[in-house]
There are 4 protein chains.
Amino acid sequence: MNKVVLIGRLTKDPELKFTPGTGSAVATFTVAVDRRFSKDGQKEADFIPIVVWGKQAESTANYTGKGKLIGISGRIQTRSYDAKDGTKRYVTEVVAEEVQFLEWGSGNKAAGSSFNGNMSEEFGKTQSFGQETYGEDITPVDDGDIPF
Amino acid sequence: MNKVVLIGRLTKDPELKFTPGTGSAVATFTVAVDRRFSKDGQKEADFIPIVVWGKQAESTANYTGKGKLIGISGRIQTRSYDAKDGTKRYVTEVVAEEVQFLEWGSGNKAAGSSFNGNMSEEFGKTQSFGQETYGEDITPVDDGDIPF
Amino acid sequence: MNKVVLIGRLTKDPELKFTPGTGSAVATFTVAVDRRFSKDGQKEADFIPIVVWGKQAESTANYTGKGKLIGISGRIQTRSYDAKDGTKRYVTEVVAEEVQFLEWGSGNKAAGSSFNGNMSEEFGKTQSFGQETYGEDITPVDDGDIPF
Amino acid sequence: MNKVVLIGRLTKDPELKFTPGTGSAVATFTVAVDRRFSKDGQKEADFIPIVVWGKQAESTANYTGKGKLIGISGRIQTRSYDAKDGTKRYVTEVVAEEVQFLEWGSGNKAAGSSFNGNMSEEFGKTQSFGQETYGEDITPVDDGDIPF
DNA sequence: TTTT
DNA sequence: TTTT
């Protein structure tokens, strides 16, 4: 059993990439989740790294963005990589299986991602809110060559 | 909202320490959680770092141990520290708020911790199973000087 | 272990009552949570009964209302009562331990509850959004005589 | 968002049925989850109704049973039916998406279910423990005619 | 650096 | 390296 649920705000626009192999979309971003109990009244937050795969990665890249509130459910994943200094580094992140946009509106008009952004007319300026949840559509087939 | 639930096995006995300041107990350990979907049939797991505070830390140090199955609920916490090479390192771990021993029996009889271990007669060799859950008893008062 | 997380909309304004004994506040309401998979495209939802105790009950009664989006974490509780026809009825509901207002704004200006509603100037018409989470402040002391 | 995680014990052996239409397997049972905080020291539990579909329903019927410890993740579902006295009754239950046997061993040798029970030699008397989790294999296609 |  |  490995279950996570988070509600927080994106610290930046998501980064959209595609795996070299199968071309699966992957979005990565960080979510700031305010802590319930902070010492005295200081505002404190946890900054949790998120990974999303497949069609949801594209939705995420297009319908949410920096500062927007988002709900996520998924699981904690750990992996290691070799740092440039030769040491092994360990990463703990959340793989999102379900993403719920609690505030809509994306910042990524200027692109840099392969998505053409033609949704921006519908969602760009308007602040609409919904309860739609996007489920996992691609089994995260762990290509071996992860682009981050 | 920041909620985590895990069921997995300890990869080692927990490490019990006490904060220099208030003397609060802190236990740290890693839990191996088998993944539901692994590529082909290879056994794969996530190795998730756990922190437990207060009275629960002591229970954990004494009633569970390497290889034992445990249930955890809590939240994801991120923090940073300065590595010896001068760079900043980021850590993501789970702060357990509730710990449930799904298999009892500890390995740390020989001690090294301040706990006297007199429970070992009751729980040491026997493999008993229960559903008792130990709640958070100390608000994790983030001493500033965390001993790990 | 008994953990629930929900994001959904109130089907009505919360009902605020106070226990005869200790005078603890209790709010009850129903949250509609859209299903991810519904047969064909029909909109379907689960209508989940929620109970909140203490100071949070009052916040809930005042800062949210019919149609508003809310995040809840808590646990499932079951209880039974004797129906007027002499049969025993079983109830399953969610006891909220944490409530997060994803959209603010209450409908209960006209009252009927004992709360004086003097917050309505601040929160009444404006649609502001936040991430503030209100934790459990009163241990739900199960008076024995629950007013619903 | 609608997420539930439970760890508890079956109050009885699961009941296995098959939908008239598609012949999908459905198992139903109740899980007793001990409460963390009970008034004084009295042992109290919540008795939570569970529904499992598909292949997992069969696993459940065969590899677990009365008194066994089980981990469940899923969602809360509400439905209504017409009671014999003409009134509408509302039911809240947990639809399990993931089931983890924390203690193995089934009681349903004598059958009544279509499963032939030939696993009982492997799992019957031995008390083995594992971490295997069985995922949802059939999208719970809500036949319309649910056999309970 | 990992558990069964 | 962080969000409102």
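In the text below, chain A, chain B and the rest are named by the order of the sequence lines, each starting its count at 1.
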A.B. asks: Can you see whether A:R9 engages A:T11 through a side-chain donor-acceptor pair at a distance of less than 3.5 angstrom?
C.D. replies: no
A.B. asks: Specify the separation, in whole Å, of atom CG of A:L6 and atom P of F:dT4.
C.D. replies: 18 Å
A.B. asks: Starting at CD of B:E93 and ending at P of E:dT1, how long is that distance when rounded to a whole Å?
C.D. replies: 20 Å
A.B. asks: Looking only at side-chain atoms of B:T30, point me to the closest of E:dT3, E:dT2, F:dT3.
C.D. replies: E:dT2
A.B. asks: When you measure from the side chain of A:Y90, which nucleotide among E:dT2, F:dT4, F:dT2 comes out closest?
C.D. replies: E:dT2
A.B. asks: Check the distance between F:dT4's P and A:K66's NZ and give it to me in whole angstrom.
C.D. replies: 6 Å
A.B. asks: State plainly whether the residues A:D82 and A:K88 are in salt-bridge range, i.e. N to O under 4.0 Å.
C.D. replies: yes
A.B. asks: Using whole Å, report how far CD of B:E15 lies from P of E:dT1.
C.D. replies: 17 Å
A.B. asks: How many whole angstroms separate atom CZ of B:R36 from atom P of E:dT4?
C.D. replies: 23 Å
A.B. asks: Nearest 0.5 Å, please: how far is CG in A:L6 from CG in B:N2?
C.D. replies: 5.5 Å
A.B. asks: Under 4.0 Å, heavy atoms only, any strand: does A:K88 hit a base, just the sugar-phosphate, or nothing?
C.D. replies: sugar-phosphate
A.B. asks: Output the rounded distance in Å from CD (A:E103) to P (F:dT3).
C.D. replies: 15 Å
A.B. asks: Could you give the CE-to-P distance, from B:M1 to F:dT3, as a whole number of Å?
C.D. replies: 22 Å
A.B. asks: Identify which nucleotide among E:dT3, F:dT2, F:dT4 has an atom closest to any side-chain atom of A:F47, counting heavy atoms from C-beta outward.
C.D. replies: F:dT2
A.B. asks: Could you give the CD1-to-C1' distance, from A:I50 to F:dT3, as a whole number of Å?
C.D. replies: 13 Å
A.B. asks: Enter the distance from B:S73:OG to C:M1:CE here, rounded to the nearest 0.5 Å.
C.D. replies: 5.0 Å
